[in-house]
Amino acid sequence: MSNKQLTTTNPLTEQVLATYSYMSDAEAAAVVKASHEAFTQWRLRSLDERANVIANIANALRERKEEFAQLMTDEVGKLIEDSRTEVELCAAICDYTAKQGPAALADEERDVEGATGIVTHAPIGVVYGIQPWNFPAYQAIRYSIASLMAGNGVLLKHAESCTGSGLLLRDIYESAGLPKGLFGVLLISHDQSNDIVENDLVRAVTLTGSEAAGRTVAAKAGAVLKKTVLELGSNDAYLVLDDADLDLAVATCVKGRLFNNGQTCVNAKRFIVTKKNYDAFVSGYAKAFEAIRMGDPNADDTQLGPMVSKPQRDKLHEQVTKSVSQGARLLVGGEVPDRTGWFYPATVLADVAPGQVAYEDELFGPAAAIIRAQDDEDALRIANDSRYGLGGGIFSRDVQRARELASKYFDTGMVFINTFDVASPSLPFGGVKASGYGREHGPEGLKEFVNVKSIKIAAETSG
């Protein structure tokens with residue numbers, strides 16, 4: 001193996017936080033086996049018993065919120081208040097799952113002529129999750145809590161940048177009563193990860209990451225006929241229609257672009273504004289971005305922290321620079337600051353058009369792309385003119401019309417009307433097209449990794 005250690009580095013100071021040894025192939029296989037063996041007992045626990053453990057995890061997360069939040073800020077540079085909010089969201093997911101899980105996964109009886117029909121939601125086995133760095137707690141919680149509620153075992157390969165967060169989550173789970181080994185953390189390379197996908201004890205794979213990573217993992221899992229859930233990149237469009245409340249649109253779109261330092265799959269990224277509102281929106285948006293305070297993510301008055309790594313920062317700068325060379329108009333930012341830390345300023349590109357990088361690709365960082373549309377219909381056409389389809393937004397005073405546009409015409413998995421949000425425990429999360437498939441959260445997410453099993457009992461024996 002070329003790299004002997006995993007390393008976490010503070011994006012603010014550029015100093016190494018910790019190093020971790022890679023597992024050997026045998027050690028990794030032992031983690032898989034331990035999860036499977038724990039699963040054989042966990043699957044026999046009642047739904048209410050599992051729910052009680054998950055409720056305890058919610059309490060444990062809240063008890064260690066400050067510790068977990070500080071670790072995430074140190075590892076990936078997110079604002080400390082955003083880190084606290086992330087832990088609260090994770091606890092809320094546990095609350096929802098503990099409360100709603102038993103009913104959602106309970107057996108159902110159905111009418112069948114001459115018989116009794118039963119549908120059960122049986123666990124399938126060990127679920128392997130490959131997760132990114134931008135939400136060190138939430139990304140791991142999102143799939144693992146639902147899978148554990150269903151009775152499965154869970155494996156986590158977290159991003160190198162937040163290795164410590166993955167290990168802390170395992171400790172929190174076990175401190176709350178989850179059987180030891182059921183949730184296994186793998187410190188492995190990409191090549192070793194392929195072996196885990198192929199391991200006979202692994203029954204399903206879920207990945208949150210890039211489009212390229214999704215294609216690779218789906219192909220590997222498909223070759224061994226294993227189910228996958230993929231949540232990939234996106235270029236979420238927020239539409240500012242003719243009748244939008246402009247002040248609300250500007251303020252919300254600024255927040256939606258910069259949340260989590262602009263490094264979120266469901267950040268607002270493309271702002272498609274009708275001709276009627278274009279100049280006013282561009283002016284207000286640029287003014288707001290100019291006032292953004294960039295600095296130490298631990299400071300209460302900081303609005304924008306550093307990006308997670310130098311390669312991520314450099315890629316964003318290259319995308320911005322190329323977009324400008326292709327005709328986009330740079331209004332704010334666009335220069336790498338001369339300071340310690342992987343900072344990139346709040347950046348506004350206007351007059352973004354087809355063929356430009358900022359129009360076609362995802363800008364994963366604090367850079368906004370503003371696109372002019374002729375009218376409402378044209379705005380929706382532009383929004384759907386993307387290979388991605390995770391989320392999106394509509395600003396309009398006519399909420400009923402906006403709802404109809406969202407439900408019938410917006411080709412994404414999620415739409416936010418007159419607001420911006422990341423996730424709600426009760427609402428399904430996921431996308432279409434190159435943004436992936438499958439759903440997490442809500443009753444839909446609880447049932448992604450179960451064996452929906454039919455049982456039919458002859459009438460004369462059903463009593």
D421 bridged to K255 by N-O distance under 4.0 Å: no
If we ignore angles and hydrogens, is there a donor and acceptor under 3.5 Å between the side chains of S165 and E75? yes
With a cut-off of under 6.0 Å to the ring centre and 45° to the axis, is K78 in cation-pi contact with F135? yes
Is R215 paired with E211 through a side-chain N to carboxylate O contact shorter than 4.0 Å? yes
Let me confirm one number: the CZ-CG distance from F395 to L241, rounded to the nearest 0.5 Å. 10.0 Å
Verdict with reasoning, I371 to Y359, per side-chain contact (heavy atoms from CB on, under 4.5 Å): CA-CA 8 Å; I371 302 166; Y359 184 97; 3.7 Å; yes
Presence of salt bridge, R387 and E360, under 4.0 angstrom: no
Any chance CG of D300 has more than 12 other-residue heavy atoms, nucleotides or ligands included, within less than 6.0 Å? no
If we count only N and O atoms by modelled type, under 3.5 Å, do the side chains of Y437 and T228 hold a donor and an acceptor together? yes
Verify the neighbour count for atom CD of E318: are there more than 12 heavy atoms of other residues, nucleotides or ligands below 6.0 Å? no
For K310, I'd like to know if atom NZ has over 12 heavy atoms of other residues, nucleotides or ligands within 6.0 Å. no
In terms of side-chain geometry, is the basic nitrogen of E362 or K269 positioned less than 4.0 Å from the acidic oxygen of its partner? yes
K65/E63 ion pair, N-O < 4.0 Å: no
Salt-bridge test for R401 and E404: reply yes if a basic N is under 4.0 Å from a carboxylate O, no otherwise. no
I want to know whether Y20 and H158 have ring centres closer than 6.0 Å. no
Between D236 and R270, is there a side-chain N and carboxylate O pair less than 4.0 Å apart? no
Show your reasoning for whether side-chain contact (heavy atoms from CB on, under 4.5 Å) applies to R257 and L363. CA-CA 10 Å; R257 178 65 287 226; L363 303 182; 4.2 Å; yes
Euclidean distance, R50 CZ relative to W42 CH2, rounded to 0.5 Å: 7.0 Å
Under 3.5 Å, is there a donor on one side chain and an acceptor on the other for D74 and Q70? yes
Go through the steps for L105 and M149 under the test side-chain contact (heavy atoms from CB on, under 4.5 Å), then give the verdict. CA-CA 9 Å; L105 295 167; M149 182 65 231; 3.9 Å; yes
Given the ring of F449, does K227 sit roughly above its face, with NZ or CZ under 6.0 Å from the centre of the six-membered ring and within 45° of the axis? yes
